[in-house]
Amino acid sequence: MATDRYGHDVYNGTSEAAAHLDRAVEALLFFRPEVTEAVDDLLEAAPASPVAHAFAAYLGVLGTEPAGAAAARRRFDGFAAGLDVARLPVRERLHTAAAESLLAGDLRRGSALLEELTVAHPRDALALFVGHQLDFLTGDAPLLRDRIGGALSAWDEDDPHRGPILGMYAFGLEESGHYAHARETGSAAVERNRHDVWAIHAVVHTYEMQGRFAEGIAYLDARTDDWSEGTFLTVHTWWHYALYALEAGRTETALGIYDAALHNEESRGLAMELLDAAAMLWRFHLAGSDQTRRWEALADAWSARADPPFYAFNDVHAVMSYVGAGRVGEARRLIDDRRRWLTEPAAGAVSNHAMTANVGLPVCEALVAHAGGDHDTVVELLWPLRRRLHEFGGSHAQRDALQKTLVEAALRSGRHDMARVLISERTALSPDSPYNWLSRARLADSVGDAARAAVARDRANRLGRCGDLVSDRF
């Protein structure tokens, strides 16, 4: 029987199929678009391979595209209809069960099955990668870290793929708050392969979470050719660059990146790219910057998708876009549709049910309240959720747009004690962030403490001078 590069048997597969599988996994680990073609080749070479069909199913789910998931489900169901699962080897049985769970919308059961698989087969890079991405989609930071940490000892120092495994571990460390360890681990992965965009991304997150935007800019600038085109993470990494520019006070640079990379007429309209665009414009919105033209184009892109209930994190960013464009009626229609969906008997079987009911809808309501200037309602909705936002997925950096919405609402509603707590939490974690110090200055102004306001504003201005390090490429 043929084996893959990790020594696993390719059940119902030939040596040709094993080569395609290795090529597909290699592309997946480095976020290269050719993974799609490689999986198609794998399916053609091994149409009876459970791992091949599971791989295709995983691709259909991880992009959070409802149409892609539906197509993957139809193809997988056709394969599974004649499959005697009980006769499969354990690894193939678990891959098949995980794929079935994900296609049915049960992300957590799929995640648990892949964890069971990697306990027995810690060098199954496909299972590790997919499980890691599911941990991200469900906001499970401890598992995002420990799934990879638990398998790391099975990967020898000289293994060519130890690097991307380290990159995954770095991101799990970062989301768990181990910033120094994450940066060290991610840097080690990049040293092994300078095109490891997930490892680069992990390092970038550590700088973002600590407000060290000048170092983040320098890091990305030194590696522009390695991350800036040709991967599934290209747009998202440009988003991080734009975040740094915005934090540095270089709004024109951030908007230049937005127009060139985040959203324009040539954008593909993918959910993961549209949500980055929305999260960027929302930060401008909170700062009082009028971006009507950009909001309109982005809201049109979300509207054209007409997504069914699928992933609450996407829904929130669609509502964000409608609100930003002043199209509150569309935001309300999406919210009402999701509320109706929650009452359907089948909805409770999917992970997105809890994500929508517990986090997604309250956040959407808070965004609509913000649009109406009802900051008391924003606080009432977001304050109880501020330590639970991870439950509907995304990263700390992505969810920070919502944390900042709560800060703004507390300030604007005159809830000084609440604002003090929020700003103190932020400044303690990220003392180099100009935004945090400017928020502290605004709070001091609002309670008439001119001396504290002056000190905080001076600190913000001194930190903001690092903005000179931002390049002028846009």
Side-chain angles (χ1 to χ4, degrees), residues 174 177-180 182-183 203-221 239-255 257 279-289 375 378-379 382-383 386-387 395-472:
E174 178 276 321
H178 307 294
Y179 300 131
R183 190 160 50 252
V203 174
V204 165
H205 266 267
T206 67
Y207 290 125
E208 170 65 28
M209 292 309 299
Q210 296 177 291
R212 295 164 61 179
F213 59 88
E215 292 169 85
I217 288 164
Y219 184 83
L220 286 176
D221 277 343
W239 176 77
H240 277 284
Y241 199 109
L243 281 187
Y244 288 144
L246 192 59
E247 185 84 347
R250 299 288 290 274
T251 57
E252 290 306 312
T253 297
L255 287 173
I257 293 171
M280 176 55 58
L281 288 188
W282 190 255
R283 286 164 168 83
F284 279 94
H285 179 75
L286 292 176
S289 176
H375 302 299
V378 175
V379 170
L382 292 186
W383 177 266
R386 66 195 181 99
R387 296 193 182 95
S395 67
H396 293 300
Q398 289 175 310
R399 296 187 299 265
D400 196 46
L402 302 174
Q403 300 288 4
K404 286 183 174 179
T405 302
L406 176 57
V407 171
E408 293 298 321
L411 286 168
R412 297 179 194 186
S413 64
R415 303 201 184 191
H416 300 143
D417 288 344
M418 188 177 288
R420 176 188 54 78
V421 167
L422 293 168
I423 295 167
S424 180
E425 289 175 354
R426 295 180 64 88
T427 308
L429 287 172
S430 184
D432 294 328
S433 166
Y435 171 85
N436 292 340
W437 287 99
L438 286 173
S439 298
R440 180 173 285 196
R442 289 171 58 197
L443 175 61
D445 282 334
S446 68
V447 298
D449 193 338
R452 286 184 182 275
V455 169
R457 194 164 282 111
D458 178 68
R459 178 70 178 272
N461 289 337
R462 284 188 284 113
L463 290 169
R465 293 189 190 114
C466 296
D468 293 339
L469 296 174
V470 181
S471 69
D472 292 319

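Side chains included, hydrogens not; waters and symmetry mates left out as well; all remaining heavy atoms used. Note that the numbering runs from 1 along the sequence shown for the chain.
- Residues satisfying the side-chain hydrogen bond (donor to acceptor under 3.5 Å, both in side chains) criterion with E408, sequence neighbours excluded, are R412, Y435, R442.
- Taking OG1 of T405 as the start and CG of D400 as the end, the distance is 9.0 Å to the nearest 0.5 Å.
- Scanning both residues, A460 and W437, for their nearest heavy atoms gives CB-CB, 3.8 Å.
- Between I257 and T253 there is a side-chain heavy-atom pair separated by less than 4.5 Å.
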Q. Between V204 and Y241, does a side-chain contact (heavy atoms from CB on, under 4.5 Å) hold up when you go through it step by step?
A. CA-CA 9 Å; V204 165; Y241 199 109; over 6 Å; no
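- Using a 4.5 Å heavy-atom threshold, the side chains of L422 and R386 count as touching.
- Between E215 and R183 there is no salt bridge, since no side-chain N of the basic residue sits under 4.0 Å from a carboxylate O of the acidic one.
- Using modelled atom types, one side-chain atom of R283 and one backbone atom of A279 make a donor-acceptor pair closer than 3.5 Å.
- Residues A444 and A453 share a closest heavy-atom pair of CB-N, 3.5 Å.
- Taking NE2 of H396 as the start and CD of E208 as the end, the distance is 12.0 Å to the nearest 0.5 Å.
- When each of R426, E247, K404 is tested with N436 by the rule side-chain hydrogen bond (donor to acceptor under 3.5 Å, both in side chains), just one qualifies, namely R426.
- Using a 4.5 Å heavy-atom threshold, the side chains of L443 and R452 count as separate.
- Proximity of a side-chain donor or acceptor of N461 to a complementary backbone N or O of R457 within less than 3.5 Å is detected.
- In this structure, the side chain of S430 engages the main chain of G211 through a donor-acceptor pair within 3.5 Å.
- Closest heavy-atom contact between A242 and A254: O-CB, 3.7 Å.
- Remark: L246 CG to W239 CH2 distance equals 11.0 Å, nearest 0.5 Å.
- V379 and M418 get closest at one heavy-atom pair: CG1-SD, 3.1 Å.
- For the residue pair L463 and P434, the shortest heavy atom distance occurs at CB-CG, 3.9 Å.
- F213 and D432 get closest at one heavy-atom pair: CE2-O, 4.2 Å.
- Note that the CZ atom of F284 and the CG atom of L255 stand 3.5 Å from one another [nearest 0.5 Å].
- Between H205 and H240, the angle of the ring planes goes over 60°, which puts this pair in the perpendicular group of the 30/60° scheme.
- In this structure, the side chain of S424 does not engage the main chain of V421 through any donor-acceptor pair within 3.5 Å.
- Interatomic distance, Y179 OH to L429 CG, rounded to the nearest 0.5 Å: 6.5 Å.
- I423 is listed as a side-chain neighbour of L411, based on a closest heavy-atom distance under 4.5 Å.
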